[in-house]
Amino acid sequence: MRNNSPHNRKGTGRNEKKTFNKESFNKKNSIKSEDKKDNYTKKTFKSSPTFRKKSIQKKEEKEGTRLNKYIANSGVCSRREADLFIQNGVVKVNGNIITEFGYQVMPGDEVFFDGRYIRPEKNVYVLLNKPKGYISTTKDEKARKTVLDLVTNASPYRLYPVGRLDRQTTGVLLLTNDGNITKKLTHPSHEVKKIYHVTLDKKVSLTDFEKLIEGLHFEEGLAKVDKISYIEGCPKNEVGVEIHIGWNRIIRRMFSKLGYEVEKLDRVMFAGLTKKNLKRGYWRILTELEINNLKML
């Protein structure tokens with residue numbers, strides 16, 4: 001028997017028609033949208049300050065300078081010596097004694113070394129065509145003229161001659177406040193090449209050429225020239241000498257040992273630098289290319 005009474009159960013078939021409730025849909029999706037927005041805002045808020053903080057720290061680390069390097073760049077001493085002074089409490093930053101080796105000096109900090117305010121110097125490289133009558137030192141007890149008297153307007157920083165030319169020797173002389181370059185160019189292991197135009201009191205024999213190349217014995221050891229030749233278009237008492245050793249007055253001493261007197265001694269090249277187009281007693285600042293070449297030696 002067929003039962004025509006309506007069903008009391010709720011239909012679950014897939015063909016069942018569903019009623020769309022617009023108000024309910026909008027309310028539900030509005031809540032989800034707000035939740036999503038809040039979560040995005042919270043996530044952004046949590047990550048943003050952390051990212052910004054790290055960026056500031058990296059920037060500060062990049063701008064800072066190690067204290068020993070700061071002192072060395074100020075022309076006081078080398079980095080290694082600076083570490084000793086720091087350890088002994090000689091250095092103050094912003095009024096505080098610093099004994100930490102890795103301390104970073106930041107822009108605006110005031111650094112005092114043994115009570116004296118210091119600041120890093122920009123490296124300056126000056127080429128001088130040295131005239132006679134000037135000594136290659138920074139001070140002279142006899143109040144004689146020094147090469148620094150010729151370059152007083154070259155730099156606001158104190159310059160130092162790289163090596164020495166005696167009072168009567170003329171020619172190429174480098175002055176700088178770069179301690180690393182000075183040490184490099186004067187250290188025997190680098191064998192920095194120097195070329196001199198030597199004028200003697202008499203003609204130089206080919207036999208003495210050979211002796212100079214083979215070497216002569218002195219207290220410091222065996223001294224020999226790398227090359228020697230007559231200068232084209234000049235008398236035979238004028239020779240060009242290439243040498244790398246830097247002993248005191250060594251060229252004058254070598255020729256003296258062979259019975260010659262040096263009347264004129266002019267250095268025409270030092271470490272690749274020449275005095276071309278530079279009048280005697282005048283100076284010029286090195287070019288970037290010349291500076292880079294010195295650093296590559």
Side-chain angles (χ1 to χ4, degrees), residues 54-128 135-141 146-149 151-165 173-192 246 248 270-273 283 285-288 290-297:
K54 287 181 180 178
S55 298
I56 293 172
Q57 286 176 345
K58 287 182 179 178
K59 186 178 180 182
E60 288 178 348
E61 289 174 3
K62 188 176 180 180
E63 289 179 349
T65 305
R66 284 180 66 94
L67 184 55
N68 62 352
K69 182 179 179 182
Y70 187 98
I71 296 169
N73 289 348
S74 300
V76 175
C77 58
S78 68
R79 288 197 197 184
R80 185 172 296 180
E81 291 169 333
D83 284 334
L84 296 175
F85 287 120
I86 293 169
Q87 186 178 12
N88 290 322
V90 177
V91 184
K92 285 185 178 182
V93 179
N94 298 328
N96 301 315
I97 295 175
I98 304 297
T99 56
E100 179 187 344
F101 292 132
Y103 185 89
Q104 295 282 323
V105 179
M106 306 306 296
D109 285 349
E110 293 187 341
V111 181
F112 288 81
F113 180 88
D114 198 22
R116 176 170 61 90
Y117 176 72
I118 61 172
R119 61 180 179 180
E121 299 177 351
K122 178 183 177 182
N123 287 334
V124 180
Y125 308 86
V126 176
L127 183 67
L128 171 69
I135 58 175
S136 303
T137 57
T138 55
K139 293 180 182 179
D140 183 58
E141 296 176 354
T146 75
V147 290
L148 294 184
D149 297 327
V151 295
T152 51
N153 298 322
S155 168
Y157 311 120
R158 187 173 179 82
L159 300 175
Y160 300 87
V162 179
R164 292 188 178 187
L165 293 179
L173 181 66
L174 177 65
L175 298 100
T176 183
N177 59 343
D178 187 338
N180 292 328
I181 283 289
T182 299
K183 186 175 181 181
K184 182 178 182 179
L185 295 181
T186 55
H187 198 279
S189 63
H190 288 93
E191 298 187 350
V192 174
N248 186 37
F270 171 71
L273 303 171
W283 58 267
I285 301 295
L286 293 193
T287 65
E288 287 297 322
E290 289 173 325
I291 295 169
N292 290 335
N293 287 340
L294 288 179
K295 292 179 177 179
M296 290 172 63
L297 289 175

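Residues: numbered from 1 along the sequence shown.
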From [atom1] ([X]) to [atom2] ([Y]), nearest 0.5 Å:
| X | Y | atom1 | atom2 | answer |
| --- | --- | --- | --- | --- |
| Gln104 | Tyr70 | CD | OH | 13.0 Å |
| Thr182 | Leu294 | OG1 | CG | 10.0 Å |
| Leu159 | Asp178 | CG | CG | 11.0 Å |
| Tyr125 | Ile285 | OH | CD1 | 11.0 Å |
| Leu148 | Thr138 | CG | OG1 | 6.5 Å |
| Glu290 | Leu127 | CD | CG | 7.0 Å |

Using only atom types and a distance under 3.5 Å, with no angle test, would you say the side chain of [X] pairs donor to acceptor with the backbone of [Y]?
| X | Y | answer |
| --- | --- | --- |
| Asn73 | Glu121 | no |
| Asp114 | Val90 | no |
| Lys184 | Leu297 | yes |
| Thr146 | Lys139 | no |
| Asn68 | Arg80 | no |
| Ser74 | Arg119 | yes |
| Thr99 | Gln87 | no |

Where do [X] and [Y] come nearest, in terms of heavy atoms and distance?
| X | Y | value |
| --- | --- | --- |
| Ile71 | Cys77 | CG2-SG, 4.0 Å |
| Ser136 | Leu173 | OG-CD2, 3.9 Å |
| Trp283 | Ala154 | CH2-CA, 3.5 Å |
| Asn177 | Val124 | OD1-N, 2.8 Å |
| Phe101 | Asp83 | CE2-O, 3.1 Å |

Any side-chain heavy atom of Val111 within less than 4.5 Å of one from Leu67? yes
Which residues share a side chain to side chain contact (heavy atoms under 4.5 Å, CB included) with Phe270, sequence neighbours left out: Val162, Val172, Leu174, Leu185, Val192, Lys194, Arg267
